[in-house]
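Since the model is a prediction, treat every value here as computed from it, not as a measurement. Below, all heavy atoms of this structure are taken into account, side chains as well, without hydrogens, waters or symmetry copies. Naming convention: chains lettered A, B, ... in sequence-line order (proteins, then strands); numbering from 1 in each chain.
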There are 2 protein chains.
Amino acid sequence: MAQPRPVTRIQRKNRAAILDAALDVFSLKGFDGATVDQIASSAGLSKPNLLYYFPSKEAIYTALLGELLDTWLDPLRALDPGGDPLAEILAYVQRKLEMSRDFPRESRLFANEIIQGAPRIAGELSGTLRDLVDDTAKVIDLWADEGRIARVNPHHLVFSIWSLTQHYADFDVQVRAVLGEGVTDPFPEAEAYLRTMFTRMLTPG
Amino acid sequence: MAQPRPVTRIQRKNRAAILDAALDVFSLKGFDGATVDQIASSAGLSKPNLLYYFPSKEAIYTALLGELLDTWLDPLRALDPGGDPLAEILAYVQRKLEMSRDFPRESRLFANEIIQGAPRIAGELSGTLRDLVDDTAKVIDLWADEGRIARVNPHHLVFSIWSLTQHYADFDVQVRAVLGEGVTDPFPEAEAYLRTMFTRMLTPG
DNA sequence: GTCTATAGACGGATAGAC
DNA sequence: GTCTATCCGTCTATAGAC
């Protein structure tokens, strides 16, 4: 085995700058539409220098995807089966909406990947993701069995939370165009709307 | 003025084949990720022959977008202010969901365009689209004033209908991966879920 | 670690024969 | 209308000097 190289401060800094720049470009253009030149100049590096840190465009992209998938699913993992059902679901909606507000590039990166057929994370989708959603669905069904929330299709409930919250990141341009110049931040209204929507839908009786 | 050329049957057929192939490729790869070669071979033509019908890649793309925008908004235009409020909204949801089922490529084409900053339809979004949504919002507010539906933020209601229905086209791969191999058609369940969701949310009292 | 220079493949678009 | 051949630009990636 080779000795691990000492990682200098400048290495860490450049690697981070590259991944940040790559997130900018890939999330806006998709994998095929992005170019290494755009990433390099956005990171303040020359193209060969960037390729000194990552062996290929593909390697940058998969490094990004791999790091992101886990953090992206954390809010769902945080859902507590022992908590108050409606409060737990509303908290999940809010966390997801906050991620759309604070990490829109990450949301668009995943959206691009899925729309293009998820060629690089198809395995994760039908593995990790599917298992996690199935577990969550069991919890939701149990809550409905106990009469603590109204009965809903649990898988489609999860889909609806994803689509509603991610919409404000992925379709941000459209949301702002429709709301007009007067609205500088659509998120407070979105949060109130989603809270109302899910409360009315899930309150028993 | 030049005389309009007679349009032969083969011209109409090739033009249609090109647009159909372009829809395949652009919806899957986005504008930058698509190549003229892919479109040409998918249409059964050589690259120079394709460029005999359209002057450029850009021209094919804008021709597609222009033709699609109108039909895409037709379901919203069909919403009748004189009809029963809940029935009108549920009918709109259903028409949009049917479009996701029957025209997923069109949905993905728009999704790609918006995610990438809508460089070619920004004007339409803050013009035609915004006016149409504003008119619809007034109708929804009026229905709430009259107590015929529960009060909701009308703009975000429209956003939620878009995001929930288009999700089943744009994120089709993810939906099917999560539901598993047993589910061949997610749409019947989706329709039932959305009908329940909006009925509970909009029923007054 | 970072650069200039460039290889080699592929992109959009055109010329011109048929 | 359709083809082969090709121009020219840009792409990813590498070689090699410093």
Counting side-chain heavy atoms from CB outward, which of dC3(D), dG1(C), dA5(C) is closest to P48(A)?
dA5(C)

Proximal nucleotide (of dT4(D), dG12(C), dG1(D)) relative to the V36(B) side chain
dG12(C)

Interatomic distance, K29(A) NZ vs dT10(D) P [rounded to whole Å]
14 Å

In whole angstroms, how far is the P atom of dA15(D) from the CG atom of L51(A)?
12 Å

Shortest side-chain distance from Y53(B), nucleotide among dG1(C), dA13(C), dG1(D):
dG1(D)

Quick check: on DNA chain D, is the nucleotide nearest K47(B) upstream (toward 5') of the one nearest I10(B), or the reverse? Name the residue that is more 5'.
I10(B)

What's the closest nucleotide to the side chain of T35(A) if the choices are dG1(C), dC11(D), dA13(C)?
dC11(D)

Does I114(A) reach the side chain of I121(A), with side-chain heavy atoms less than 4.5 Å apart?
yes

Quick check for you: to the nearest 0.5 Å, what is the distance between L179(B) atom CG and S126(A) atom OG?
12.0 Å

Rounded distance (Å) that lies between atom P of dC10(C) and atom CG of D37(A):
19 Å

note: F54(B), atom CZ; dT14(C), atom P; distance rounded to Å ~ 15 Å

Would you say a side-chain N or O of N49(A) is under 4.0 Å from OP1 or OP2 of dC3(C)?
yes

Nearest-Å distance for atom pair CG/C1', residues L50(A) and dT4(C)
17 Å

Spacing between F26(B) atom CZ and dG12(C) atom C1', to the nearest angstrom
12 Å

Does S46(A) put a side-chain nitrogen or oxygen below 4.0 Å from OP1 or OP2 of dC3(C)?
yes

Atom CD of E58(B) to atom P of dA13(C): distance rounded to whole Å?
9 Å

Under 4.0 Å, counting only non-hydrogen atoms across every strand here, what does A40(A) touch: a base, just sugar-phosphate, or nothing?
nothing

I60(B) has an atom CD1; how far is it from atom C1' of dG12(C), in whole Å?
11 Å

Which of dG1(D), dC11(D), dT2(D) is nearest the side chain of N14(B)? It is dT2(D)

Value rounded to 0.5 Å, distance of CZ in F103(B) from CG in L109(B)
14.0 Å

What nucleotide among dA13(C), dT2(C), dT2(D) has an atom nearest to a side-chain atom of Y52(B)?
dT2(D)

Trace of the side chain to side chain contact (heavy atoms under 4.5 Å, CB included) decision for E191(B) with E98(B)
CA-CA 9 Å; E191(B) 186 190 327; E98(B) 283 166 359; 5.8 Å; no

Regarding N153(A) and Y193(B), do their side chains bring together a donor and an acceptor under 3.5 Å, going by distance alone?
no

